[in-house]
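These notes are about the structure you will find just below.
Excluded from the calculations below are hydrogen atoms, water molecules and symmetry mates; all remaining heavy atoms, backbone and side chain alike, are included.
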There are 2 protein chains.
Amino acid sequence: MTQNDASWTERALRALSEAGFRSGGGRRQVVDLLGEEDCALTALEIDRRLPSVGRATVYRALEQLEALGLIQRVDVKGDAAGFERVDPGGRHHHHIVCQQCGRVVAFEDDRLEQAIIALGTRPDFTVSSHEVTLRGECASCGLQSS
Amino acid sequence: MTQNDASWTERALRALSEAGFRSGGGRRQVVDLLGEEDCALTALEIDRRLPSVGRATVYRALEQLEALGLIQRVDVKGDAAGFERVDPGGRHHHHIVCQQCGRVVAFEDDRLEQAIIALGTRPDFTVSSHEVTLRGECASCGLQSS
DNA sequence: ATCTGTGCAAATAGTTTGCATCCTC
DNA sequence: GAGGATGCAAACTATTTGCACAGAT
């Protein structure tokens, strides 16, 4: 996935510059990290992994990236919001979360996507994105409680 | 829906009592309110609507009701967690959220449910619930920005 | 030189916890 | 009477904002 990641990072940096943002060091590090990571990170996780970047900068960068459609917010981390990159071509995954240990696993399913696309044509709403979250118990947690 | 709501309220009160909880006044009001409401409420909305009930009691009641499977948490209210009752018979809805004004509309779709049920049979996870959220722009917000 | 980006610290919003008291069983 | 239920206030966690300064253009 390294090649794909690199392309997201490039695309993000280009989009930021086209949107008139200057290229400071803090946001750049956030972009690099999000480009390397395949699944959701919380703002605080990013802040912890980038000790030289201020917390406010992390939140501001995430806000800007989300507004440009480069990342999306997902609800898989409990209290905190998770953020993950939006890859080009509409290809994306959804999440299954263990309610015991919090483990998050990604999955893709064409049939599910078809069903959701069919739902997207509504008179009262223009649907631009969707999120599916499955919740349950992962195999290792299941063993322990039995 | 009045009859259905009443039955959820009854069922919830019975389940609480069977679980060994005493019948205090605060939790009772929370249960009544959730039984009357068809879609998600946040803890603070409930707290505001029940001035005689302490905030901590609201959160504690929600925690207990969720643990008993009587309500579920949904991510449609932005920062705050939304809670809505779980109706018997597995019948349930999902949500579409306007990213401009925050309006939430519920919908049901059999094809979507079928696709998700098919996904539920996984070796590594026992899926017990799922949540689908569509995001976009509602008709009235769309008019204003055009 | 100008004006954006950044870090720090203070302020908010949502949620949880400690504790004394009230009330159910 | 004993122990759970409740309200209030303090504590916490996640997020946002104010502000002075560094750095990009």
Whole-Å distance separating the [atom1] atom of [X] from the [atom2] atom of [N]:
| X | N | atom1 | atom2 | result |
| --- | --- | --- | --- | --- |
| A:Leu62 | D:dT17 | CG | P | 14 Å |
| B:Asp47 | C:dG14 | CG | C1' | 11 Å |
| B:Phe21 | D:dT6 | CZ | P | 10 Å |
| B:Arg28 | D:dT6 | CZ | C1' | 17 Å |
| A:Arg55 | D:dT13 | CZ | P | 11 Å |
| A:Glu45 | D:dT13 | CD | P | 15 Å |
| B:Glu63 | D:dG4 | CD | P | 16 Å |
| A:Gln29 | D:dG23 | CD | P | 14 Å |

*asked:* What I want to find out is whether B:Arg73 reaches B:Glu131 closely enough, with some N-O distance under 4.0 Å, to be called a salt bridge.
replied: no

*Using a strict 4.0 Å threshold on nitrogen-to-oxygen distance, state whether B:Arg85 and B:Glu37 make a salt bridge.*
no

*Of all the nucleotides listed (D:dT15, C:dC8, D:dT25), which has the minimum atom distance to the side chain of A:Ala43?*
D:dT15

*Which nucleotide in the list C:dA9, C:dG14, D:dA14 gets nearest to the side chain of A:Ala56?*
C:dA9

Does a nitrogen or oxygen in the side chain of [X] sit under 4.0 Å from OP1 or OP2 of [N]?
| X | N | result |
| --- | --- | --- |
| A:Arg27 | C:dG5 | yes |
| B:Thr57 | D:dG7 | yes |
| B:Tyr59 | C:dT15 | yes |

_Side-chain heavy-atom pair B:Glu84, B:Leu41 within 4.5 angstrom cut-off_ = no

*Side chains of A:Val86 and A:Leu70: does their closest heavy-atom pair fall under 4.5 Å?*
no

*Could you check B:Gly24 against B:Asp79 and say which one's nearest nucleotide on DNA chain D is further toward the 5' end?*
B:Gly24

*What about B:Arg22, does its side chain sit under 3.5 Å from the base of C:dC23 through a donor-acceptor pair?*
no

*Return yes if a side-chain donor-acceptor contact under 3.5 Å exists between A:His94 and B:His130, otherwise no.*
no

Select base, sugar-phosphate, or nothing to describe what [X] touches, counting heavy atoms under 4.0 Å on all strands.
| X | result |
| --- | --- |
| B:Arg60 | base |
| B:Thr42 | nothing |
| A:Gly25 | sugar-phosphate |
| A:Ser17 | nothing |

